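Following this message is one structure expressed as structure tokens.
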Amino acid sequence: MEGRLSGLSGDPDIPDPEPEGPTDLRGRLAAGRNAVRSLGSTIPRVIGLVWAASRVLTIGLAAATILAGIVPAITALIAKLLIDAVVRAIAANANAGAVAPAVAFGPLTLDPVGEVVLLAAAQFLVYAVSSFLSTLRNVCQQLLQERVTNTIQLQIMEHAAKLDLAFFEDSTSYDLLRRAQQGASSRPLFMVSGVFGLIQTAIAFVSMIVLLITLSPLLAIAALIAPIPGFIADTRYGWRGYSFARWASPLRRRMDYLTTLVTTDTYAKEVKLFGLGSYFIDRFRQLSRVYQDRQRGLVVTRYFVGFVWSSITTLVGSLTYLYVALEAIAGRLTLGALTLFTQAASSVQSSVQGLLSGAGSMYENNLYLNDLFELLATPVGIEGAEAAHRLEARSHHPALDPAHIGGELVFDAVTFRYPGRDEDALSEVSFRIAPGETIAVVGRNGAGKSTLIKLVTRLYDPTGGRILLDDVDLRDIEPAVLRRLIGGMFQDYVTYQASAAENIGLGELTRIEDRAAVEDAARKGGADSLLDRLPDGWDTPLGKWFDGGVELSGGEWQKIALGRAFMRDARILLLDEPTSALDAQAEFELFARLRSLARGRTAIYISHRFSTVRQADRILFLEHGRLVEQGTHEELMALGGRYAQLFTLQAAAYTGQPVELPDEVEAEVGA
């Protein structure tokens, strides 16, 4: 989710959609060949997705769709026979004295009336079968729709869970995720239905074209060619529609963000305090206007151009009807043959149009599904990079579990730069944390403190140097194995809309149902004091998103998050600003017991409050990504360096005593 509103003050400066593609003939032919190859590789994958959702429903959809392809020819043939039988029966009645010719149907010999009755019954049977096939297809398609959507959504979630943190810190990734999720809701089933529909249409086409050729080969050729211009136009605008969707993706995401700002409890207090509701609504209105203006131009042009080209097809169809009618008037066709060939001409033309438009729809669906496959093909980076190292790492090192880990952490000349940044977040940082030692990391905002935590948890790997855990390079440890050794809390901890027990138990899924373990972790984090105000105890839902939920204060949520950190009996404890929302007494109580809570663990905690970090065994002071000072509180104060200066400055804020600072510090504070 975006954290800023750039480009929303006034009319947004948004570039035009991508060009529609190559305009020269050679480029169009090359694009066509690429499209065919792309479809050839996409269709098996899509059918595989739908097959995985439900084999029975996929078979049902295929059978119902394909069998329906022979119905039009049978219907037309029975209609022809029925009309001719009716004509013969009318002629027999008109000549009462004449003997009506008998008609043989296999072992049966029927008079014209009996023939009409039999053919009418056959026609009813064909209509009933057609209706049943249509019903079966609708049932299978409706049931498959939700299953396919959920199957693909699960694949997206499973793959997203493996992607690096860097993926989620890139705005273009959210655009790709949005397009993939939108395409997942309907496009795969549309494409599979389109494949089956093309087979159905092809069957109907073959059966009808034979009938039409017997009447006039030129008529058949005209029916074949007439829909092609409309197909070309539709394919062209299908590309434009996809280009528009890509262009509009960040705009729609920003509109969704504005909607979230106005409609969720997370932002409601500040939105109301500063009267931002009308501002955000106005920004949404502006973006919506831009989106709708561009969409209107595309939609109007697409469908009116399609109307012009479809008129050509309609004209050819009308001329076909006229030709067949004149043939009947000239006596070269019976009334039944007139009906048959009229239906054949119409069916061939609609079949060709269906084949071409179906191919065009598949091409368009393929464009959108490429986003899904692009997302699923996104390299998993750290989460998958261990595959090459795993066997080697396990063959050289004992199993990494709490029973075998001492907890020594060594940063050896570690350098790290975030993707797309020009400056290092950490530069040549080296230090050692002994097993069971408690370290406090301090420094100003942007010094690299939280980056250090991300590297220890392998959310990122160093771009230079190495990090060792008990002499094992973290890059040789599978991330999931490493993270099972770590308990922690990030500065931007999650407030889960779940029960209080679940909120804490999520820190260790293997013991989420262990109420005793949950209560013990809550006590360690100071969250047990909340029990009196929770109406249903630990079973009380937290947050206001669902019925019966209780909202907590910032400090209370932080205690819940701390409880979650202590839920895991981990050898390494990482706490990033664990007291930022706690009052002074709660903060003092937490750090007073941190030594006992961290006993036997390697503990690293980050804090801006120097008055509390003095209880750590050792303090690391980071500045501009570099480790500039380290030692105990007393050693750093005696050093009289940056730590001592900022500690004195912070202490003065509590005592109200004036403090003289060095010029460079005073300049920074003044800035």
Side-chain angles (χ1 to χ4, degrees), residues 157-158 160-162 165 382-383 386 398-407 409 435-436 438 450 453-459 469-470 474 477-531 534 536-543 552 556-579 581-582 590 593-606:
M157 293 172 66
E158 289 170 354
K162 300 175 184 177
L165 182 62
I382 291 174
E383 302 291 342
E386 81 279 359
L400 293 166
D401 60 55
H404 295 81
I405 289 296
L409 273 173
T438 298
S450 295
I453 297 295
K454 292 177 182 178
L455 294 177
V456 172
T457 53
R458 278 208 77 191
L459 295 174
L469 173 60
D470 290 356
L474 293 191
I477 305 175
E478 184 179 354
V481 173
L482 172 65
R483 291 165 192 163
R484 282 197 293 269
L485 306 173
I486 299 173
M489 186 191 82
F490 292 102
Q491 184 176 6
D492 50 348
Y493 55 85
V494 179
T495 57
Y496 294 100
Q497 303 287 317
S499 72
E502 286 175 307
N503 260 281
I504 295 174
L506 286 170
E508 181 54 81
L509 288 176
T510 59
R511 296 194 295 165
I512 193 171
E513 300 294 338
D514 186 344
R515 186 54 58 90
V518 168
E519 292 177 356
D520 182 58
R523 178 186 56 79
K524 292 177 179 178
D528 56 331
S529 60
L530 303 176
L531 198 58
L534 298 177
D536 296 320
W538 295 117
D539 295 318
T540 303
L542 301 184
L552 303 181
E556 290 170 333
W557 271 117
Q558 191 160 37
K559 291 178 180 179
I560 292 289
L562 277 166
R564 189 158 58 239
F566 289 115
M567 185 71 191
R568 179 175 290 179
D569 185 19
R571 300 292 294 172
I572 300 173
L573 182 64
L574 306 176
L575 300 177
D576 188 355
E577 295 289 356
T579 63
L582 300 183
L590 172 65
R593 65 178 184 274
L594 186 59
R595 280 186 176 276
S596 62
L597 293 175
R599 185 173 295 117
R601 310 184 189 191
T602 300
I604 304 174
Y605 61 89
I606 295 171

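In what follows, every heavy atom counts, from backbone to side chain, and hydrogens, waters and symmetry copies are set aside. Remember, it's a predicted structure, so these values are computed and weren't measured experimentally. In this chain, numbering begins with 1 at the start of the sequence shown.
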Q) Which atom names give the shortest non-hydrogen contact between Ser529 and Lys559, and what distance separates them? A)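 Ser529 and Lys559 have their closest heavy atoms at OG-NZ, 3.7 Å.
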Q | Minimum heavy-atom distance between Arg601 and Phe566, given as atom pair plus value | A | NH1-CD2, 4.1 Å
Q. Taking all non-hydrogen atoms of both residues, which atom of Ala565 and which atom of Leu575 are closest, and how far apart?
A.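 Taking every non-hydrogen atom into account, CB-CD2, 4.1 Å.
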Q | Nearest heavy-atom neighbours spanning Ala498 and Asn503 | A |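 In terms of heavy atoms, the two residues are closest at O-ND2, 3.2 Å.
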Q | Contacts of Thr540 that satisfy side chain to side chain donor-acceptor pair (under 3.5 Å) - sequence neighbours left out | A | none
(Q) What's the separation between atom CD in Glu577 and atom CD in Gln558, rounded to the nearest 0.5 Å? (A) 8.5 Å
Q. Which is it for Ile560 and Glu556 under the side-chain contact (heavy atoms from CB on, under 4.5 Å) test, yes or no, and what are the steps along the way?
A. CA-CA 6 Å; Ile560 292 289; Glu556 290 170 333; 5.9 Å; no
Q. What pair of heavy atoms forms the shortest contact from Ala570 to Gly487, and how long is it?
A. CB-N, 3.3 Å
Q. Any side-chain heavy-atom pair from Arg458 and Arg483 closer than 4.5 angstrom?
A. yes
Q | Residues that Arg568 engages under salt bridge (Lys or Arg N to Asp or Glu O under 4.0 Å), provided they are two or more places apart | A | Glu508
Q.
For the CG atom of Asp569 and the CZ atom of Arg484, what is their distance to the nearest 0.5 Å?
A.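 Going from CG on Asp569 over to CZ on Arg484, the span is 14.5 Å.
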Q | Positive for side chain to side chain contact (heavy atoms under 4.5 Å, CB included) with Thr457, one of Leu474, Leu482, Leu485, Ile486 | A | Ile486
Q | Test side-chain contact (heavy atoms from CB on, under 4.5 Å) applied to Thr495 - qualifying residues, sequence neighbours left out | A | Tyr493, Trp557
Q) CE of Met567 to CD1 of Ile512: how many Å apart, nearest 0.5 Å? A)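 Going from CE on Met567 over to CD1 on Ile512, the span is 7.5 Å.
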Q. Residues two or more places apart in sequence or in another chain: which of them pass side chain to side chain donor-acceptor pair (under 3.5 Å) with Ser450?
A.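 Ser450 satisfies side chain to side chain donor-acceptor pair (under 3.5 Å) with Asp576 once adjacent residues are dropped.
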Q. Considering only heavy atoms from C-beta outward, does the side chain of Leu469 approach that of Ile572 to under 4.5 Å?
A. yes
Q. What is the minimum heavy-atom distance between Thr602 and Gly436, and which atoms define it?
A.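 Scanning both residues completely, I find the closest heavy atoms to be OG1-N, 3.3 Å.
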Q: Kindly write out the residues that satisfy side-chain contact (heavy atoms from CB on, under 4.5 Å) with Glu519, not counting sequence neighbours, or none if the list is empty.
A: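 With sequence neighbours excluded, Glu519 shows a side-chain contact (heavy atoms from CB on, under 4.5 Å) to Arg515, Trp538, given in chain and number order.
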Q: State the CD1-CG distance between Ile453 and Leu459, to the nearest 0.5 angstrom.
A: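 Going from the CD1 atom of Ile453 to the CG atom of Leu459 covers 10.0 Å.
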Q: List in chain and number order the residues that pass side-chain contact (heavy atoms from CB on, under 4.5 Å) with Asp528, two or more places apart in sequence or in another chain; answer none if no residue qualifies.
A: Arg523
(Q) Test of understanding: with ring pair (Phe, Tyr, Trp, His ring centres under 6.0 Å), list the residues that count as partners of Tyr605, not counting sequence neighbours. (A) Phe591
**Q.** Distance in Å, Tyr496 OH paired with Ile504 CD1, rounded so as to fall on 0.5 Å steps
**A.**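 Going from the OH atom of Tyr496 to the CD1 atom of Ile504 covers 13.0 Å.
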